[in-house]
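Everything below concerns the one structure shown next.
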Amino acid sequence: TTNGVRMREEESMKKELNEKIFNKDPIVRIVDPNYGQADYINKKYIMELKYRRDYGPERFNGSLIEKTKYDFITKSCGNKIPGYVCKFNDGSYYAWNLKKVKEPDWYEKMLPETTDFKSRRFVPKMVGDLYLEDGVKLI
């Protein structure tokens, strides 16, 4: 299933990030329904993980983030750093500290209703751009 593929990709990302970046403070998947818009947490961060399997970081000079996810992570982070981490199809990882980057300019874009871009149903979503120069290359 589409959800199964996405879960395997996230699990693979979590494993790689914990081995190479968060080995002293591993990230764990959030299962609390109150944190439906955020994926992972550790002592320092609350973050969304995204795998951009169809393109590399230079294609759009970064990635986009949905406004609902941005709002949720930045408003519910408490004393944690709100992060957005993208893995691209070249194997690189970039991360953005959403408290440090300027809030994106929001615009409406027709995107698949679900994470799977093979979805046939497109719906309007409010999104903003996160640029490579405002992020940090992790891997």
Residue set satisfying salt bridge (Lys or Arg N to Asp or Glu O under 4.0 Å) with K109, at least two apart, ordered chain then number -> none
Pairs under 3.5 angstrom only: tabulate donor-acceptor contacts from the side chains of residues 126-139 to other protein residues two or more places apart or in another chain.
{"from": "D129", "atom 1": "OD1", "to": "Y107", "atom 2": "OH", "distance (Å)": "2.9"}
{"from": "D129", "atom 1": "OD2", "to": "Y107", "atom 2": "OH", "distance (Å)": "3.4"}
{"from": "E133", "atom 1": "OE1", "to": "N61", "atom 2": "ND2", "distance (Å)": "3.2"}

Taken to the nearest 0.5 Å, the spacing of M13 CE from Y40 OH works out to 8.0 Å
If you count heavy atoms of other groups shown closer than 6.0 angstrom to CG of D105, is the number above 12? no
Rounding to 0.5 Å, atoms CZ (R121) and CG (L111) come to a distance of 13.0 Å
Are K67 and K125 packed together at the side-chain level, in the sense that at least one heavy-atom pair is separated by less than 4.5 angstrom?
no
Is there a side-chain contact between V85 and Y94 in this structure, where contact means two heavy atoms from C-beta onward sitting under 4.5 Å apart?
no
Q) Just wondering, do F22 and K14 contact through their side chains at under 4.5 Å, heavy atoms? A) no
Heavy atoms, side chains only, cut-off 4.5 Å: are P57 and D90 in contact? yes
Q. Would I65 end up clustered with Y55 when hydrophobic side chains under 4.5 Å apart are linked, directly or stepwise?
A. yes
SG of C86 to CZ of R52, rounded to nearest 0.5 Å, is 5.0 Å
Self-check item: Test item: L49 and L17 side chains (from C-beta on) under 4.5 Å apart, heavy atoms
Solution: yes
Taken to the nearest 0.5 Å, the spacing of N89 CG from R59 CZ works out to 9.0 Å
Do Y70 and E48 have a side chain donor and acceptor closer than 3.5 Å?
no
One should read off an interatomic distance between I41 CD1 and K80 NZ, to the nearest 0.5 angstrom, of 4.5 Å
> Given the side-chain rings of Y51 and F88, with only the six-membered ring counted for Trp, is the space between their centroids under 6.0 Å?
Replying inline: no
Shortest non-hydrogen pair, C77 vs I46, comes out as CB-CG2, 3.6 Å
Q) With a 4.5 Å limit on heavy-atom distance, are the side chains of D39 and M47 in contact? A) no
Salt-bridge criterion met for R53 and E9 (N-O under 4.0 Å)
yes
Point to revise | Residues K15, E11: salt bridge by 4.0 Å N-O rule | key: no
- Query: Do the side chains of D25 and K44 get nearer than 4.5 Å, heavy atoms only?
  - Reply: yes
State, yes or no, whether a side-chain contact exists between K75 and P82 at a heavy-atom distance under 4.5 Å. no
Using the six-membered ring wherever Trp is involved, compare the ring planes of Y84 and W96 and label them parallel, tilted or perpendicular (cut-offs 30° and 60°).
tilted
| Is there a side-chain contact (heavy atoms from CB on, under 4.5 Å) between K87 and E16 once you walk through the steps? | CA-CA 11 Å; K87 178 181 181 180; E16 187 172 12; 3.7 Å; yes
Output for pair (S76 OG, I30 CD1), nearest 0.5 Å, gives 8.0 Å
